Amino acid sequence: MFVHHPIFRPLAALAILLLIDLIMVPGFFHLEIKDGHLYGSLIDIANRAAPLILAAIGMTLVIATRGIDISVGATVAISGTVAAMLVGGTMVMNNGTPEYVANTPMWIALAAAMGAAVLCGAWNGALVAGLGLQPIVATLILMVAGRGLAQLLTDGQIITVYYQPFFFLGSGYLFGLPFSLYIVAAVFIVTALLMRKTALGLFIQSVGINPVAARLAGLKTAVLIFFVYVFCSACAGVAGLMITSNIKSADANNAGLLLELDAILAVTLGGTSLAGGKFNLAGSVIGALIIQTLTYTIYSIGLPPEVNMVVKSVVVFVICVSQSAEFKTMWRRAFPAARGGKAQ
Amino acid sequence: MTMNSSAPANPVLELRGISKAFTGVQALSGVSLNLYPGEVHTLMGQNGAGKSTLIKVLTGVYAPDQGQIVLAGQPIQPQSTLDAQHHGISTVYQEVNLCPNLSVAENIFIGRYPRKLGRIDWASMTTQATALLDRMQIRIDVTAPLAQYPLAIQQMVAISRSLLVSAKVLILDEPTSSLDEKEVDLLFSVLRGLREQGMAILFVTHFLDQTYAISDRITVMRSGEREGEYLAADLSRVELVNKMVGAPTAAPATAVAQADAAQAPAGGSRFGAFLRAVGLGRKGALQPMDLEIGQGEMLGLAGLLGSGRTEAARLLFGADKADTGTITIDGKERNFSSPRDAIAAGIGFCSEDRKHEGAVLELSVRENLILALQARMGILRAIPLKRQQQLAEEYVKALGIKTASIETPIGSLSGGNQQKVLLARWLVTDPRLLILDEPTRGIDVRAKQEIMDYVSALCKKGMAILFISSELPEVLRVSDRIVVMRDRKQGGEYPRGALDETTVLHVIAAGDQHA
Amino acid sequence: AKPLVIGFSQVGAESEWRTANTVSIKDAAKKEGVTLKFADAQQKQENQVKAIRSFIAQRVDVIAFSPVVESGWDTVLLEAKRAKIPVILTDRAVKVSDPSLYVTFLGSDFVEEGRRAGRWLVERQKKTPDAVLNIVELQGTVGSAPALDRKNGFEEVIAGNPKLKVIRSQTGDFTRAKGKEVMEAFLKAEGKKINVLYAHNDDMAIGAIQAIEEAGLKPGRDILVISIDGVKGAFEAMIAGKLNVTVECNPLLGPQLMQLAKDVVAGKPVPKRVVTQEGVFPADVAAKEFPNRKY
Amino acid sequence: MSTTSPAAARPARSIISSPYFTSLITVFLLLVLLVAGGAAYTGFLSVQVLFNLLIDNAFLLVIAVGMSFVILSGGIDLSVGSVLALTTMVCAYMLQTWHLPPLLVIVIALAMGTVFGAAMGALIHYFKLQPFIVTLAGMFLARGLCYLISINSITIDDPFFVAMSQTQLPIGDCFISPGALIALVTLAAAIYVAHCTPFGRAIYAVGGNEQSALMMGLRVARTKVLIYAFSGFCAALAGVLFSFYMLSGYGLHAQGTELDAIAAVVIGGTLLSGGYGYVAGALTGVLVLGAIQTLIAFDGTLSSWWTKIVIGGLLFIFCVVQRVMTMRANKK
Ligand SMILES: Nc1ncnc2c1ncn2[C@@H]1O[C@H](COP(=O)(O)OP(=O)(O)OP(=O)(O)O)[C@@H](O)[C@H]1O
Ligand SMILES: Nc1ncnc2c1ncn2[C@@H]1O[C@H](COP(=O)(O)OP(=O)(O)OP(=O)(O)O)[C@@H](O)[C@H]1O
Ligand SMILES: [Mg+2]
Ligand SMILES: [Mg+2]
């Protein structure tokens with residue numbers, strides 16, 4: 001019956017991608033211990049997918065309420081910039097030897113960055129839930145202005161961070177695995193628990209499917225929608241910290257550029273409908289992994305950069321079509337013999 | 001079974017051995033049906049018997065798993081509604097299927113616009129639509145969007161739309177469930193006219209009166225099978241009910257009603273006042289009115305369509321905000337700015353529009369059922385799954401909800417069963433006042449009886465109920481007190497027994513004269 | 001007299017280099033008492049065209065711009081010419097059918113930058129004449145002029161040398177994050193075979209350096225790193241010994257631009273092509289040069 | 001939004017609560033914006049500047065017209081910007097490398113865009129895929145195809161294209177470009193189609209309730225495929241206009257134009273959920289965006305980030321004022 005589980009198809013797609021890697025890229029699955037931690041392509045993919053997974057988790061809930069948040073990338077830039085500026089540090093030349101000085105205690109910097117992200121979410125939430133603007137337009141405003149704000153903070157410069165502990169977030173290792181994976185796991189588990197063990201999941205779905213009925217049943221629809229946008233931005237905020245920490249600098253111009261599109265793509269590849277309602281958190285995580293694996297595969301196979309986009313789009317088309325119920329019916333019609341074997 | 005063979009001519013449409021299964025449900029098994037020209041053929045059966053499914057198969061919405069559709073001797077396989085229309089089969093579905101954003105006139109004419117020089121002739125369309133609705137004695141602005149009119153008007157629009165095509169076969173799935181008596185009469189006179197012209201009409205209803213008022217032939221369905229086909233003249237009401245439910249009923253519906261009426265308490269005075277609304281009104285929707293409901297009282301709200309009953313209920317529930325007036329509960333003044341406030345004060349509201357305001361279609365029966373309760377308990381205190389299942393099972397049994405399981409999405413239940421789930425949603429919250437707006441719409445006789453009995457029992461235990469229904473006899477039968485509405489204002493208040501159907505109509509009509 | 005009015009349409013603010021360029025122009029204008037109408041095109045050519053049209057409508061004295069793309073300027077420049085407003089190009093060139101549509105072009109030569117990077121490597125290779133050097137290349141944004149030119153210039157120089165081989169080339173979109181991500185993949189795919197990294201800008205190089213370090217290799221030693229632009233970050237990396245050389249691409253065009261504008265308005269003849277002063281900075285001069293860097 | 005239920009909307013409030021009213025507000029706000037700009041900057045309120053709004057945004061207007069149809073039907077098309085770029089590329093390549101006659105080139109390019117759109121529409125309809133995702137993949141595909149043709153930009157020097165680019169149709173002592181004229185004609189044609197043809201009304205029906213439209217016997221499949229085909233056509237036509245405008249083909253042309261188009265359509269009063277709005281709103285929306293940009297260019301003191309922030313801020317003010325005025329009107 002596993003075949004009918006909603007998670008099956010995204011998983012299958014991921015497996016097929018990995019299979020292609022296995023055949024095409026020698027040593028793709030090779031893992032070794034280097035400097036006391038695991039090292040290899042798979043680790044890279046997971047590590048690099050971490051921000052995308054976080055964004056996708058947040059986006060899943062927004063999409064479940066029939067919304068969309070295209071300001072994720074801008075939020076990433078803002079939170080990353082705030083953190084980098086506060087932790088910051090400058091290099092001073094001291095008799096020809098470089099020395100690093102930190103500015104603000106790291107926890108304050110992190111809290112401020114998350115605060116900025118939550119503020120972004122509150123802004124979006126207020127526009128969507130409070131004013132009733134259409135989500136895509138409401139978040140378009142922050143998408144445009146947010147990156148500008150981040151650039152304003154940095155004067156358009158890349159802020160390099162020289163504070164070692166800060167790097168742990170995005171490129172540190174714990175028990176041999178990248179620390180970012182623990183963060184992602186924690187966010188995922190907390191979110192999943194929130195959805196399962198509280199009524200939040202039910203409420204979000206109800207609001208997404210039939211907001212009028214939900215309100216008449218006594219749900220605080222506006223509060224729920226507001227919360228969802230704040231949550232999404234908070235996820236983006238963490239993603240921003242991770243990206244900043246990983247490249248040891250905040251690039252307000254480019255950090256998280258187009259991350260929103262990838263996040264939305266991940267959510268859909270994971271089997272959540274953009275029409276709202278039923279959602280699939282685990283699916284979104286797998287969707288994000290699919291995207292990152294695909295990107296990584298393109299790099300590893302050594303395709304010329306001109307064909308990147310074509311390959312990516314073709315794969316997305318194929319995955320989407322193969323996931324659709326209609327395709328399944330067609331397939332069954334075309335290959336009736338396979339029915340018994342596959343449907344089990 | 002008495003298969004009557006005095007058919008006038010050859011059937012214009014035959015269904016032979018139609019079967020259709022959904023995952024987990026055999027909705028139809030081997031159903032046959034004959035439609036003769038110049039006849040009204042009524043399809044009867046309990047909720048979930050498969051009536052709507054049969055109609056959808058017939059009109060190309062679903063493909064049958066087995067069986068044949070024969071139209072005028074030719075087997076056909078309608079692929080879509082449009083295809084069916086081309087074959088001369090025109091349909092009004094149970095759930096209103098129109099476009100809320102388009103104007104009334106467009107909803108009638110879309111797909112077959114009057115044209116002038118190749119472009120749509122809007123002026124002529126408006127005139128024709130107005131004339132068409134005029135024939136059904138509906139006078140509205142046909143250029144306004146459909147969404148602005150109440151469900152009943154929408155239903156009439158859907159019917160006018162189907163009348164427009166020169167069809168051989170007209171199918172109506174519970175068209176009367178949101179119409180009042182006057183409108184039903186109108187509809188029937190239109191249908192009789194069509195019958196005269198030789199059209200074959202397939203009609204689904206749960207109302208026995210209507211069945212006998214118009215049908216020539218009756219097919220009874222039970223659990224996805226055809227129980228039998230009868231001439232209306234040959235089948236008594238009691239027989240019909242027996243055949244629908246598959247076992248002799250304990251007592252005919254009318255008898256129960258009489259017995260109930262006999263032991264009715266005398267007046268409203270025995271109830272402790274629970275809710276009192278003074279001067280409650282909203283501009284353009286309801287003129288200020290007073291209302292008082294006591295604990296354990298069933299207050300009926302009668303009136304014609306659009307008389308403002310739903311509006312009054314929505315104001316009481318905080319779904320719309322009142323411009324004027326106050327609401328006091330247990331002597332304390334309360335102002336509801338949202339349904340949440342009302343729910344917190346112990347009020348429940350079962351809306352008349354289940355598709356848009358009630359059911360959360362993709363969620364399961366269980367989730368729909370506990371939604372209001374969970375909303376009241378808040379996000380953090382999730383009801384344990386065990387308890388949810390227990391509640392769901394309990395109410396599925398108590399209300400006789402026909403569903404494959406409690407995890408089935410409510411959207412795949414039949415219309416009547418969805419209605420029951422939504423009723424259960426409020427029952428589990430154990431409200432002190434339950435507002436029921438047309439709760440029995442689209443529910444079969446037996447279920448209606450069961451539900452009203454159930455509700456009455458709760459009422460006796462102290463729950464206050466505000467009961468809104470377009471079925472006057474029902475309102476008169478069950479209410480302790482009746483408020484008659486007309487023209488969006490209060491028309492008068494009467495204790496039980498002070499009114500009968502004719503007097504209520506008189507009250508409403510009198511209002512019309514004075515206005 | 002009335003102050004000179006210059007309308008300047010900038011590409012955007014996509015990189016540190018670009019912001020340094022903007023700052024230089026704004027500062028120079030302020031210093032020279034020139035009224036600067038500044039418009040940011042957010043990386044879109046159509047926005048630049050709109051800005052130039054509005055400059056024409058405002059009747060500025062000189063129009064200057066850094067074109068997003070080379071082609072597609074004929075029409076709007078013709079309008080400027082009809083309105084008798086001289087046009088100065090900065091930083092990037094354009095392809096127009098009639099060269100009289102602009103007065104002069106002030107800026108760096110991307111192909112030359114690529115060549116310089118290539119020449120440095122050719123020289124360097126002479127130290128180890130027998131070894132074959134495998135090169136991985138991090139390109140800029142696909143299709144952008146600097147990416148195309150820096151690639152071509154570099155290839156032109158190393159083409160004659162059979163010991164220099166580009167084994168991987170992929171786009172890193174001029175950003176640190178992408179540079180790091182792509183380099184990680186390169187390292188997994190090619191491993192120790194990589195001897196040289198050629199990055200089209202410093203940001204990608206800095207990202208890639210991190211990837212190299214995380215792979216347990218020493219950037220600058222195990223893998224030679226060559227990049228272009230010469231921003232501060234690159235100098236810091238060179239001081240730390242992680243970057244071998246950066247080819248300067250000078251963004252400080254402000255003073256030269258103001259001078260040109262004044263000359264043009266005064267009717268003085270100006271050369272059709274003004275190349276900015278640019279150097280090549282290997283790691284050994286980095287510490288000395290660092291305090292002089294303005295961006 | 002969740003706060004308005006169908007039953008809550010009553011005829012008494014209908015006139016002002018209709019999308020018609022929202023569109024009117026937009027026009028009013030646009031006028032306010034222009035007058036404010038005229039007061040603040042000399043030369044802003046000249047006729048040529050207004051014409052420039054049309055000339056510079058002709059391609060955006062054409063895309064927004066196609067996008068209007070898509071959004072009215074409840075869908076979205078993210079591929080338009082890339083299809084535009086692909087069209088410029090194809091035109092340039094066919095003109096410069098194969099030396100095909102320009103009219104033939106234009107026909108081929110338009111046909112290509114139409115087919116591209118239709119293919120996406122078919123995927124969306126027949127496989128029940130999300131328009132957002134299909135067109136997102138379409139966006140990557142079209143951009144990718146540009147690079148396959150060439151990663152360089154290709155200059156067009158075909159005399160016909162050059163003529164179209166440089167012709168100025170005089171109106172008084174100002175002028176307008178042929179491209180702007182074509183865009184206006186396209187808009188007029190689209191308004192006619194939307195309001196006077198069964199296809200146009202079917203778009204509204206599908207946007208209002210696709211299921212109902214199907215039950216009412218409309219050809220939903222055909223309509224949907226046609227809508228995306230039309231959007232693809234508009235994107236290609238915009239691409240041709242863009243080729244006139246820029247005289248070049250380039251894979252990086254018109255990045256992010258899809259968002260501009262969506263914003264224009266929504267600002268013009270069309271609901272993203274489909275079914276409500278007017279095609280003519282596309283024009284007001286495009287003019288609003290253009291006016292904001294022109295304002296910023298006239299100001300000429302903003303740095304890059306301030307430009308972004310101000311655009312965001314103006315968008316915000318615009319949406320909020322529009323929304324608040326509509327809500328006010330609904331309350332009355
Ligand atoms: N799309 C569907 N998916 C799954 N089951 C369905 C679907 N449609 C109908 N059913 C099931 O088929 C059975 C027959 O339903 P149908 O709607 O035909 O009943 P009905 O006779 O019209 O009842 P009512 O009087 O309540 O409208 C029901 O048990 C219902 O749950
Ligand atoms: N025939 C009609 N023509 C125009 N408007 C109508 C008509 N019938 C009802 N309405 C509208 O319906 C509103 C009141 O309807 P409401 O739903 O409150 O009444 P109701 O008695 O509950 O009717 P229903 O049985 O349809 O629910 C009025 O404001 C009126 O605008
Ligand atoms: Mg039914
Ligand atoms: Mg009502």
Side-chain angles (χ1 to χ4, degrees), chain A residues 66 68 70 127-129 131-138 140-156 207 211-212 214-216 221-222 225 252 261 264-265 268-269 273-275 305-317 320-321 323-327 330, chain D residues 1-8 76 78 82 120 123 125-134 136-151 251 259 262-263 266-267 271-273 303-316 318-320 322-324 326-327:
Chain A
R66 265 195 208 173
I68 203 155
I70 55 171
L127 290 188
V128 177
L131 268 175
L133 288 186
Q134 305 183 51
I136 211 174
V137 190
L140 176 72
I141 294 171
L142 187 63
M143 180 198 186
V144 175
R147 195 165 289 281
L149 279 175
Q151 287 175 326
L152 177 72
L153 289 176
T154 65
D155 254 355
V207 169
V212 179
R215 192 174 91 93
L216 287 182
T221 45
I225 292 175
L261 288 186
I264 294 167
L265 196 59
T268 337
L269 290 182
S273 159
L274 284 177
E306 297 90 82
V307 305
N308 287 2
M309 284 193 172
V310 174
V311 173
K312 188 169 176 180
S313 61
V314 168
V315 172
V316 171
F317 274 129
C320 284
V321 168
Q323 283 190 5
S324 79
E326 275 62 27
F327 176 78
M330 274 184 204
Chain D
M1 247 302 294
S2 54
T3 46
T4 54
S5 63
I76 202 155
L78 297 179
S82 309
M120 290 193 302
L123 278 179
H125 183 76
Y126 291 107
F127 290 101
K128 300 226 165 22
L129 299 179
Q130 307 281 339
F132 196 98
I133 295 307
V134 171
L136 181 66
M139 163 175 146
F140 290 139
L141 181 62
R143 264 285 165 227
L145 289 176
C146 291
Y147 299 139
L148 287 193
I149 296 175
S150 164
I151 57 173
L259 277 180
I262 293 169
V266 172
I267 288 174
L271 279 191
L272 264 175
S273 42
S303 46
S304 303
W305 32 94
W306 276 113
T307 305
K308 286 188 183 132
I309 295 170
V310 170
I311 292 179
L314 285 174
L315 263 181
F316 167 73
F318 213 89
C319 292
V320 168
Q322 196 186 43
R323 175 78 196 147
V324 168
T326 319
M327 282 203 300

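Please read these numbers as outputs of a predicted model, since none were measured by experiment. Below, chain A is the first sequence line, B the second, and so on; all start at residue 1. Atoms considered below: every heavy atom in the structure, side chains included; atoms not considered: hydrogens, waters and symmetry mates.
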Contact summary for [X] and [Y], nearest pair of heavy atoms:
{"X": "Y147(D)", "Y": "E306(A)", "value": "CB-O, 3.7 Å"}
{"X": "I309(D)", "Y": "A145(A)", "value": "CG1-O, 3.8 Å"}
{"X": "G138(D)", "Y": "M120(D)", "value": "CA-SD, 4.0 Å"}

* Between L269(A) and chain D, which part of the residue has a heavy atom less than 4.5 Å away: side chain, backbone, both or neither? -> neither
* chain D: which of V314(A), L142(A), N308(A), L127(A) shares the most heavy-atom pairs with it under 4.5 Å? -> L127(A)
* Winner by heavy-atom pair count (cut-off under 4.5 Å) against chain D, out of V310(A), L274(A), V137(A), V315(A) -> L274(A)
Tell me, for [X] versus chain A, whether the close heavy atoms (under 4.5 Å) come from the side chain, the backbone, both or neither.
{"X": "L123(D)", "result": "side chain"}
{"X": "L136(D)", "result": "side chain"}
{"X": "I76(D)", "result": "side chain"}
{"X": "T307(D)", "result": "neither"}
{"X": "L129(D)", "result": "side chain"}
{"X": "V134(D)", "result": "both"}

* Do P211(A) and R66(A) come within less than 4.5 Å of each other through their side chains, counting heavy atoms only? -> yes
* Between S273(A) and Q130(D), does any side-chain donor sit less than 3.5 Å from a side-chain acceptor? -> yes
